[in-house]
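Take a look at the structure set out below.
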Amino acid sequence: MKTDRMNWFQWSSPQAFYPLAGKLIPWFACVSMVCLAAGLYMGFLVAPTDFQQGDSYRIIFVHVPAAWMSMFLYVVMAGWAAVGLGLKARPSFMMAQAIAPTGALFTFLALFTGAFWGKPTWGAWWVWDARLTSELILLFQYAGVMLLHASIDDLRRADRASAVLALVGVVNVPIIYFSVRWWNTLHQGASISVTAAPKMAATMLAAMGIMALGFWMYSAAVTLLRVRCIILERERHASWVQIERVS
Amino acid sequence: MMQGGLAGAVFGLIQRDLLLTWRRRADIATTLLFFVIVATLFPLGVGPEPAVLRTIAPGVLWIAALLSCFLSLGRLFATDYQDGTLEQMLLTPHPLAALVLGKIAAHWLVSGLPVVVLSPLIGLQFGLSGGAIAILTFSLLLGTPTLSLVGSIGAALTLGIRGGNLLSALLVLPLFIPVLIFGAGAVASSESGMGAEGHLSLLGACVVLAIPFAPWATAAALRIAVE
């Protein structure tokens, strides 16, 4: 008898996952574009000017969501790596491999926009502060995972070795997140907290949330796009790929 | 004789590694000489200003220790991998993580400990006070085991890969950063009158966390490398 519950494991074969990813990409891409357009409009034109920092604070609408995504994507990548190691599922490793470049991009974006905010506000492009340094380490870790994967010719070993490395690096994520609370540093503490009332105007908060959603959807779309390329590359000798190419 | 038991296997492995290293004493000498030379380059590059040297000394010694530990990590599994000993280790009934811990202990005894012993001498050359030298040596004693433990993960992941040693550096050096910060920070904070206890406690926490987790990750990486 057929049960109503969906069998999630049916997507664990690359052949089944490939068309599913293809169907999801346009949705994620559309939502992401709408959110990014709305978020940027609200952030740059609607949100009020900060009484201390003037207009230079507006970079946070890119900076903060990018920093969130950089940490979040690392955890997601490590999660897929763990699933891959635990269940020996190939698409999990492909997902982990596909997430890494996007995560590295957001880490770079967070550091880059942070530098542009730091120059007018702190008077320096870069300071050796705990949060900045640990975010830089995160960038090195993304690079390490990608380099290790690229250096090993045997794909099976490359997948599993970079998965172990990704899991080891997870220790850095809580260090980044709590660095401003553990150490008394130049980087300001979190402006948004689940437990306390927001310290910023509602429009600012909304703009930041919409930007974060936009970045999230962008990451999903780009990751799925990349995972489709990886599937085609790895399964190029499989018969269904040959059929796909002809049709 | 302890035979068959896990402790016997681990101590036997440590003994074997120490004996092997003793037969190739030049390797220890290379590591130590590297440590001394790297530390010596700094006064030549930065200039012999005593106040400057005293400020940079903890960081310089820590970086030199970190690099020299790293230099010897390439040998940790490489020879065992080449001559097939590693496969035999995987086939034993003992948990691989425990055997790996034995190998790491042997590595620390021949590469970490000599650096710790030599560091007061280099500290004197940099004009550090007696108290600062004591804290620096103690921080190295607490911190270098973590370097061997975490470094073994990188060594296992890059086993048998072309350019593996350099790649291993890129993978592991970012993970060494917390140890470097706490280790070098211990001396700086005791000099500024804040006391080194905080930093030393964090170093101790690092090693306590690394002892159960790092051999486990290394064992997983070794299994991936060998199969």
Side-chain angles (χ1 to χ4, degrees), chain A residues 70 74 78 81-82 84-86 88 93 96 100 104 107 111 128-176 178-179 182-185, chain B residues 59 77 81 97 100 146 149-182 184-185 188-189 194 198-199 201-202 205-206 208-210 212-227:
Chain A
S70 70
Y74 194 91
L85 285 176
K88 298 189 169 58
F93 289 126
T107 316
L111 288 169
W128 290 98
D129 151 290
R131 180 162 266 187
L132 274 68
T133 312
S134 44
E135 184 78 10
L136 186 65
I137 299 175
L138 189 69
L139 186 62
F140 294 155
Q141 285 180 338
Y142 274 120
V145 170
M146 289 192 282
L147 272 175
L148 184 63
H149 198 284
S151 308
I152 306 177
D153 294 327
D154 175 17
L155 264 181
R156 207 175 116 78
R157 189 184 161 192
D159 277 344
R160 302 177 59 192
S162 52
V164 169
L165 184 67
L167 282 172
V168 169
V170 169
V171 284
N172 192 30
V173 174
I175 295 180
I176 303 175
F178 292 110
S179 56
W182 289 347
W183 288 282
N184 239 336
T185 58
Chain B
F77 300 113
Y81 179 66
V100 164
T146 317
L149 283 159
V150 174
S152 74
I153 304 174
L157 282 173
T158 54
L159 207 53
I161 301 174
R162 63 195 139 70
N165 226 348
L166 197 60
L167 180 65
S168 173
L170 291 177
L171 305 186
V172 168
L173 287 179
L175 298 172
F176 280 177
I177 292 173
V179 182
L180 174 70
I181 291 172
F182 299 139
S189 75
M194 284 194 293
H199 286 87
S201 308
L202 283 166
C206 285
V208 166
L209 274 178
F213 288 114
W216 186 65
T218 306
L222 284 178
R223 283 211 179 84
I224 293 166
V226 167
E227 75 176 23

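Residue numbering restarts at 1 for every chain, and letters A, B, ... go by the order of the sequence lines.
Nearest heavy-atom pair across A:A166 and A:Y74 is O-OH, 2.9 Å.
Of the listed residues (B:P178, B:A225, B:G154), the greatest number of heavy-atom pairs within a distance under 4.5 Å of chain A belongs to B:A225. With chain A as partner, the option from B:T158, B:L167, B:I224 having the largest number of non-hydrogen pairs under 4.5 angstrom is B:I224. Here A:D153 is the residue among A:L167, A:D153, A:T133 with the most heavy-atom pairs under 4.5 Å with chain B.
Around the CG atom of A:L155, the shell of radius 6.0 Å holds more than 12 heavy atoms that belong to other residues, nucleotides or ligands. More than 12 heavy atoms of other residues, nucleotides or ligands sit less than 6.0 Å from atom OH of B:Y81.
For B:L157, the parts lying near chain A are the backbone and the side chain together; criterion is any non-hydrogen pair under 4.5 Å. Contact of B:L222 with chain A is not made at all, since no heavy-atom distance falls under 4.5 Å.
Separation of atoms OG (A:S151) and CG (B:L170) is listed at 9.0 Å; rounding is to 0.5 Å. In this structure, the separation between CD1 on A:I137 and CG on A:L132 is 11.0 Å, given to the nearest 0.5 Å.
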